[in-house]
A.B. asks: 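Handing you a structure now.
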Amino acid sequence: MSTPDATPASYRYTSSLAGDIERRWQDRWDAEGTFEAPNPVGDLAGDTGSGEKFFIMDMFPYPSGAGLHVGHPLGYIATDVVGRYRRMRGDNVLHALGYDAFGLPAEIHAVQTGEHPRTNTESNITNMRRQLRRLGLAHDPRRSFATIDADFVRWTQWIFIQIFESWYDEEQDRARPISELRAAYESGELTAPDGASWAELGPLERRILIDSRRLAYVDESPVNWCPGLGTVLANEEVTSEGRSERGNYPVFTRNLRQWKMRITAYSDRLIDDLERVDWPDSVKNMQRNWIGRSHGARVRFEVEAAGTSFDVFTTRPDTLFGATYAVLAPEHELVETFTAEAWPTGTPHAWTTGAGTPAEAVSAYRAVAAAKTDLERQENKDKTGVFTGSYATNPVNGEQIPVFIADYVLTGYGTGAIMAVPGGDQRDWEFAEAYGLPIIPTVQTPEGWEGAYAGEGPAINSAHATNDGTGLDINGLGVEDAKAAVITWLQQHGAGEGTTTYRLRDWLFSRQRYWGEPFPIVYDDFDQPIAVPDHLLPVELPDVPDYSPKTYEPDDADSEPQPPLARADDWVRVTLDLGDGPRTYRRETNTMPNWAGSSWYELRYTDPHNADRITDPENEKYWLGPRTDGETGGVDLYVGGVEHAVLHLLYARFWHKVLFDLGHVTSEEPFQKLFNQGYIQAYAFKDERHVYVEADRVEERDGGFFFEGRPVIREYGKMGKSLKNIVTPDEMYDAYGADTFRVYEMSMGPLDVSRPWDTRAVVGSQRFLQRVWRLLVDEDSGESLVDDAELDPATLHVLHTTIDGVRGDMEHMRFNTAVAKLIELTNHLTKVGVSARAAVEPLVLMLAPLAPHLAEELWSRLGHEGSLTHAPFPVADPAHLAADSVTCVVQVLGKVRGKIEVSPDISDEELTALALAEPNVVRSIDGRDIRKVIVRAPKLVSIVV
RNA sequence: GCCGAGUUGGCGGAAUGGUAGACGCGACGGUCUCAAAAACCGUUGUCCGAAAGGGCGUGCGGGUUCGAGUCCCGCACUCGGCACCA
């Protein structure tokens with residue numbers, strides 16, 4: 001690396017000079033607390049100023065031990081540029097960075113090394129802080145935290161208790177304290193689902209009734225059990241292949257007692273409020289699809305032989321006349337009830353699978369289905385099933401239709417049972433073909449249509465006459481009208497009603513892991529959960545000899561989860577006085593998923609040291625509250641990758657809404673504006689053995705790529721150690737300095753687009769900063785080159801159009817074009833040899849958000865005392881935006897045939913005359929009649945002949 | 001299959017319906033140097049032409065318009081999400 005002494009130009013802006021400047025300013029910013037943002041109240045209280053507040057957040061990092069590559073800081077640089085720009089606009093900017101520090105990698109490391117996960121995690125945080133500090137990010141260091149800090153865990157647990165101690169009031173459409181539910185039962189305003197009154201219930205029954213309504217509850221239900229990881233997983237953590245997102249182990253559906261959060265109560269609000277936030281449409285759509293709201297009908301099918309009925313959900317009640325059989329999911333709770341004693345006479349062989357009785361066939365089928373992973377269920381799309389031996393009554397026409405069980409019907413969606421309409425549904429069609437079931441079309445198909453038809457058309461075969469005239473007849477109606485008619489009829493006849501179902505399931509919240517927040521829950525002798533009182537929070541993790549859950553063979557579906565905390569006997573047994581004297585309780589031994597901390601961390605930035613509340617209401621209202629009535633409030637700008645579209649971003653919205661309902665926050669949404677940055681990707685190279693070779697040693701020539709003289713194949717994708725294509729920020733700091741690195745990342749392209757890293761191209765950004773430096777500083781002597789000359793008109797024009805453009809680009813986060821405009825200004829000043837203060841001061845100020853260290857250095861060399869952090873961002877003077885002359889384009893039949901330099905305020909007539917006089921235009925017209933002349937003075941004349 | 005985003009030079013990318021390719025990389029030529037590197041200056045969509053100038057050109061096929069990368073219709077391909085969701 002060159003040093004200042006190695007070249008004649010001792011004061012050239014080289015990497016080492018940049019490094020000196022950058023470290024010096026970083027130390028000074030720290031010492032002066034330059035980026036500390038004042039709060040309205042509390043320990044960080046100060047003068048919040050007259051400007052707007054602006055709260056920026058990055059999706060906080062997991063402190064991985066692997067270190068950073070150049071892709072990681074992209075979003076952090078972008079938010080830093082926005083924050084620095086907003087400060088120069090006079091805003092009070094809150095920007096800090098915490099660490100999402102619970103999670104599996106640290107626990108796996110701990111299991112392997114025996115070292116406590118906290119030790120490793122904290123050293124990773126230290127290392128990451130060091131790497132990021134070198135970038136010069138303008139964060140308020142007082143507001144940084146990690147989700148593993150005892151103080152943070154305390155409030156995570158406190159929020160859990162808030163959720164545990166509340167229920168969802170469907171009438172008022174909001175969460176309310178559980179005490180109000182108890183009061184409603186006591187007063188008789190509400191009764192238990194079975195109609196029992198509060199007075200009739202015993203103490204335990206009362207508790208079970210209350211517990212069943214909580215927003216955080218224990219429930220035995222089908223969950224994703226992953227024996228390979230030894231834990232259960234949320235739906236969102238299972239891939240579409242039915243494997244764990246972490247570790248890629250098989251996942252099985254098992255009925256287990258686990259903690260859940262009633263996120264489904266918020267389905268409608270989570271969908272509807274997407275309209276009120278400024279988020280990318282793609283993310284909104286992903287959330288809508290994930291919640292999966294569908295409108296339809298619930299239809300009751302009586303099974304007379306069994307003396308009971310089952311409900312199905314359908315989005316197409318208009319096709320009810322085409323329902324020729326019904327299917328229950330194999331796990332449906334009524335399967336046994338519907339399983340007949342013996343096969344009805346004439347049952348086709350295919351329906352029985354050769355079993356002697358329905359019970360044998362059903363239990364064999366259920367056993368096979370239970371042993372399948374979700375992946376196996378998905379891979380095999382051949383329709384299979386068995387007949388239960390029972391028939392159900394189609395309510396619209398009284399037809400007896402056979403009831404099957406089949407694994408193409410899912411237990412978790414709708415009612416876990418369907419009416420099968422082979423004429424209108426491809427899956428039902430396939431099943432009907434396989435089992436010889438009748439197919440009745442109920443919608444007129446287009447000419448020549450084969451197979452199931454799900455499209456528009458008039459209803460056919462859809463009438464049933466009854467003696468009393470109450471029969472349903474929808475023939476001829478369109479799909480929408482038919483749906484409405486059927487729902488009305490079902491409601492009148494007590495056979496069903498219109499309803500809405502959701503794909504979203506309640507959030508499985510417990511994990512059998514060590515490295516997570518313990519639940520603030522104990523169990524009493526009745527085995528019922530009780531919240532640990534606030535003053536005993538946080539419940540801290542005990543030290544244990546072994547951090548691993550009991551894991552199993554990945555394919556061992558019958559294994560049972562066993563959390564590591566269950567082995568810490570001294571911790572599990574605890575004596576507490578919960579108001580009725582000291583008693584022994586048993587602690588909950590599951591831990592929270594690593595989504596817990598990130599579900600509320602935006603709140604803690606606003607009041608990070610508050611010991612009495614998650615955040616003071618004044619601070620929350622100032623930083624997050626709605627600016628005007630009807631707004632949701634929330635973080636002003638949240639930047640991160642799209643990979644959290646349905647995980648973190650859905651959970652965080654849910655928790656925030658609960659806290660809003662309970663009156664703890666004034667904002668209805670956590671993140672008002674969301675921006676997904678793209679990824680920086682990289683090329684990787686493989687040799688003829690398909691082994692990756694070091695990418696930085698590959699040469700490109702003759703249109704091919706070579707490593708040590710041998711041809712290699714190029715691939716495009718992620719940066720990764722195994723791909724041998726990692727480029728680290730540290731390498732960039734050493735070779736160019738942080739400012740060059742920042743400018744390069746911002747100039748590569750639009751922030752939301754992914755693009756390949758190209759180390760060779762970074763030098764362009766360095767050359768740009770060197771040119772800026774050379775405008776102000778003599779490279780040989782280090783003397784200032786700045787003078788007080790007046791600006792010529794052309795320079796004034798370039799300067800002010802640049803100011804105008806850069807401001808617009810900053811407002812809309814178009815940093816790539818902002819950099820391009822600053823380069824153009826710099827190139828202009830270099831070309832005309834202008835180093836006048838009137839030009840270079842605004843240049844330095846505009847550069848400050850992007851290359852803050854260099855800008856601070858030049859600002860002080862311009863004679864200013866303090867930091868330019870709060871110096872005003874330049875404002876364009878409209879008087880200088882208009883150019884002295886503009887190039888007018890003359891088109892003939894839409895093709896450019898001439899250009900004229902004209903005054904900006906030229907009249908249409910004058911311009912037309914000039915255009916028609918242009919020699920090349922005259923030649924193009926070639927004597928033809930002019931039919932029309934379109935004039936857009938002063939930029940364009942279009943001549944039609 | 002459904003939903004969403006995209007397709008512009010050798011590469012990353014610019015372009016309120018009005019000069020396509022700003023800015024940067026690379027490449028080519030030059031200055032400086034004993035030489036090289038760095039730095040600086042110039043050229044660079046493509047074809048015809050000595051030049052002036054002209055033809056072609058934003059994935060493909062149509063359309064609207066004086067004028068389309070941009071708007072409309074259809075298609076292909078790439079990427080992302082969901083997927084036996086009734």
Side-chain angles (χ1 to χ4, degrees), chain A residues 2 6-9 12 14 240 280-290 292 294 296 312-316 319 327 377-383 406-410 412-421 424-428 430-431 454 501-504 642-643 645-646 676 700 703 743-744 747-750 752-768 770-771 774 779 814 816-824 826-827 830-831 887-899 919-920 923-924 931-934 936 939-945:
Chain A
S2 64
T7 66
R12 171 164 293 175
T14 60
S240 58
D281 285 339
S282 59
V283 176
K284 289 187 182 184
N285 272 322
M286 277 190 242
Q287 292 215 346
R288 283 190 198 106
N289 291 341
W290 189 261
S294 5
V312 305
F313 173 74
T314 176
T315 55
R316 293 295 301 276
T319 63
V327 186
R377 269 200 180 194
Q378 265 178 43
E379 272 177 346
N380 182 6
K381 300 218 170 172
D382 292 344
K383 299 292 174 291
D407 67 1
Y408 82 92
V409 173
L410 308 176
Y413 182 77
T415 61
I418 62 157
M419 62 178 210
V421 184
D425 183 284
Q426 186 57 36
R427 295 153 299 179
D428 297 346
E430 288 166 17
F431 191 89
T501 57
Y502 304 86
R503 210 186 71 110
L504 184 69
V642 74
E643 71 270 19
V646 288
N676 293 126
E700 181 177 5
V743 169
Y744 176 63
S747 64
M748 288 169 78
D752 55 354
V753 176
S754 294
R755 65 215 98 141
W757 176 261
D758 183 8
T759 299
R760 283 187 314 182
V762 181
V763 70
S765 298
Q766 188 186 35
R767 288 177 190 150
F768 161 50
Q770 283 180 339
R771 284 200 293 279
R774 259 200 305 275
E779 288 191 332
R814 294 184 302 235
N816 55 327
T817 51
V819 171
K821 289 179 175 96
L822 291 173
I823 291 173
E824 283 183 276
T826 303
N827 290 351
T830 300
K831 194 164 200 161
T887 307
C888 176
V889 172
V890 186
Q891 297 179 342
V892 179
L893 286 172
K895 289 191 183 297
V896 179
R897 297 301 180 195
K899 295 173 190 178
N920 202 43
R923 199 178 322 142
S924 298
R931 292 198 313 190
K932 197 168 167 188
V933 179
I934 294 139
R936 298 275 181 277
K939 298 277 283 184
L940 179 99
V941 177
S942 184
I943 299 161
V944 189
V945 293

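Within every chain, numbering begins at 1; the chains are lettered A, B, ... in the order of the sequence lines, protein sequences first and strands thereafter.
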A.B. asks: Between B/rC66, B/rC84, B/rC41, spot the one nearest the side chain of A/Thr830, thanks.
C.D. replies: B/rC41

A.B. asks: Return the set of residues passing side chain to side chain contact (heavy atoms under 4.5 Å, CB included) with A/Asn816 (not counting sequence neighbours), or none when no residue passes.
C.D. replies: A/Pro750, A/Arg814

A.B. asks: Going by salt bridge (Lys or Arg N to Asp or Glu O under 4.0 Å), name the residues that satisfy it together with A/Arg760, two or more places apart in sequence or in a different chain.
C.D. replies: A/Asp758

A.B. asks: For B/rG24 and A/Asn827 - does any side-chain N or O of the residue sit under 4.0 Å from the phosphate oxygens OP1/OP2?
C.D. replies: yes

A.B. asks: List the protein contact pattern of nucleotides 43-54 of chain B with one symbol per nucleotide (5' to 3'): B for base contact, S for sugar-phosphate-only contact, - for none; contact means a heavy-atom distance under 4.0 Å.
C.D. replies: ----------SS

A.B. asks: By the 4.0 Å heavy-atom rule, please label A/Val312 as base, sugar-phosphate, or nothing.
C.D. replies: nothing

A.B. asks: Could you check whether the rings of A/Tyr413 and A/Phe313 sit parallel, tilted or perpendicular, using 30° and 60° as the cut-offs?
C.D. replies: perpendicular

A.B. asks: From B/rC23, B/rA38, B/rA14, pick the nucleotide closest to the side chain of A/Arg12?
C.D. replies: B/rA38

A.B. asks: Pull up the glycosidic torsion of B/rG9 and say syn or anti, syn being anything within 90° of 0.
C.D. replies: syn

A.B. asks: Heavy atoms only, 4.0 Å cut-off, all strands: where does A/Ser765 land among base, sugar-phosphate and nothing?
C.D. replies: nothing

A.B. asks: With P as the reference atom in both, quote the distance from B/rA83 to B/rU16 in angstrom, rounded to an integer.
C.D. replies: 38 Å

A.B. asks: Going by the rule side chain to side chain contact (heavy atoms under 4.5 Å, CB included), which residues pair with A/Lys831 if we only count those two or more places apart in sequence or in a different chain?
C.D. replies: none

A.B. asks: What nucleotide, of B/rC25, B/rC84, B/rG18, holds the atom closest to the side chain of A/Val763?
C.D. replies: B/rC25

A.B. asks: Looking at B/rA39, B/rU19, B/rA86, which one has an atom nearest to any side-chain atom of A/Lys899?
C.D. replies: B/rU19

A.B. asks: Taking only the side-chain nitrogens and oxygens of A/Arg767, find out if one of them lies under 4.0 Å from OP1 or OP2 of B/rG26.
C.D. replies: yes

A.B. asks: Could you tell me which residues satisfy side chain to side chain contact (heavy atoms under 4.5 Å, CB included) with A/Arg923, sequence neighbours excluded, listed by chain and number?
C.D. replies: A/Asn920

A.B. asks: Run the salt bridge (Lys or Arg N to Asp or Glu O under 4.0 Å) test against A/Arg503 and tell me which residues pass, sequence neighbours left out.
C.D. replies: none

A.B. asks: What's the CD-C1' distance between A/Glu643 and B/rC79, to the nearest Å?
C.D. replies: 16 Å

A.B. asks: For every nucleotide of nucleotides 1-12 of chain B, 5' to 3': is a protein heavy atom under 4.0 Å from its base (B), only from its sugar-phosphate (S), or from neither (-)?
C.D. replies: ---S-------S

A.B. asks: With no angle test and no hydrogens, is the base of B/rC84 tied to the side chain of A/Lys383 by a donor-acceptor pair under 3.5 Å?
C.D. replies: yes

A.B. asks: Distance check needed: B/rU19 C1' versus A/Lys895 NZ, whole Å only.
C.D. replies: 13 Å

A.B. asks: Below the 4.0 Å mark, does B/rC82 have OP1 or OP2 next to a side-chain nitrogen or oxygen of A/Arg503?
C.D. replies: no

A.B. asks: Just how far is it from atom CE of A/Met748 to atom CZ of A/Arg755, taken to the nearest 0.5 Å?
C.D. replies: 5.5 Å

A.B. asks: Whole Å only: how far is the CD1 atom of A/Ile943 from the P atom of B/rG67?
C.D. replies: 14 Å

A.B. asks: Would you check if the side chain of A/Asn289 reaches a backbone N or O of A/Gly292 as a donor-acceptor pair within less than 3.5 Å?
C.D. replies: no

A.B. asks: Once side chain to side chain donor-acceptor pair (under 3.5 Å) is applied, do any residues pair with A/Arg771, and if so which ones, sequence neighbours excluded?
C.D. replies: A/Asn827

A.B. asks: With sequence neighbours excluded, what pairs up with A/Glu824 under the side chain to side chain donor-acceptor pair (under 3.5 Å) test?
C.D. replies: none

A.B. asks: For a quick check of understanding: with a heavy-atom distance under 4.0 Å over all strands, which category does A/Pro750 fall into, base, sugar-phosphate or nothing?
C.D. replies: sugar-phosphate

A.B. asks: Base, sugar-phosphate or nothing for A/Lys831? Non-hydrogen atoms, less than 4.0 Å.
C.D. replies: sugar-phosphate

A.B. asks: Please give, in whole Å, the distance from B/rU65 P to A/Leu940 CG?
C.D. replies: 18 Å

A.B. asks: Please state whether the phosphate of B/rG18, meaning OP1 or OP2, lies under 4.0 angstrom from any side-chain nitrogen or oxygen of A/Lys939.
C.D. replies: no

A.B. asks: Without swapping roles, check the side chain of A/Arg936 against the backbone of A/Ile934 for a donor-acceptor pair under 3.5 Å.
C.D. replies: no

A.B. asks: Considering residues at least two apart in sequence or located in another chain, which fulfil the side chain to side chain contact (heavy atoms under 4.5 Å, CB included) criterion with A/Ser747?
C.D. replies: A/Tyr744, A/Ser765, A/Val819

A.B. asks: Give the nucleotide from the list B/rA38, B/rA86, B/rC66 with an atom nearest to the side chain of A/Asp425.
C.D. replies: B/rA86

A.B. asks: List RNA chain B stems (3 or more consecutive Watson-Crick/G-U pairs, under 3.5 Å)?
C.D. replies: B:1-7 with B:76-82, B:10-12 with B:23-25, B:26-31 with B:39-44, B:45-48 with B:53-56, B:59-63 with B:71-75

A.B. asks: Mind calculating the distance between CG (A/Leu504) and P (B/rA83) to the nearest angstrom?
C.D. replies: 13 Å

A.B. asks: Without decimals, in angstroms, what is the distance between A/Phe431 CZ and B/rA86 P?
C.D. replies: 19 Å

A.B. asks: In whole Å, I'd like the distance from the CD atom of A/Glu430 to the P atom of B/rC84.
C.D. replies: 13 Å

A.B. asks: Could you tell me whether a side-chain N or O of A/Gln287 sits under 3.5 Å from a main-chain N or O of A/Ala645, the two making a donor and an acceptor?
C.D. replies: yes

A.B. asks: May I have the distance from A/Arg814 (atom CZ) to B/rA15 (atom C1'), rounded to whole angstrom?
C.D. replies: 12 Å

A.B. asks: Is A/Arg774 near enough to B/rC40 that one of its side-chain N or O atoms lies under 4.0 angstrom from OP1 or OP2?
C.D. replies: yes

A.B. asks: Out of B/rG24, B/rU19, B/rA14, which nucleotide sits closest to the side chain of A/Gln891?
C.D. replies: B/rU19

A.B. asks: For A/Asn285, give me all partners under side chain to side chain donor-acceptor pair (under 3.5 Å), at least two apart in sequence or on another chain.
C.D. replies: A/Arg288

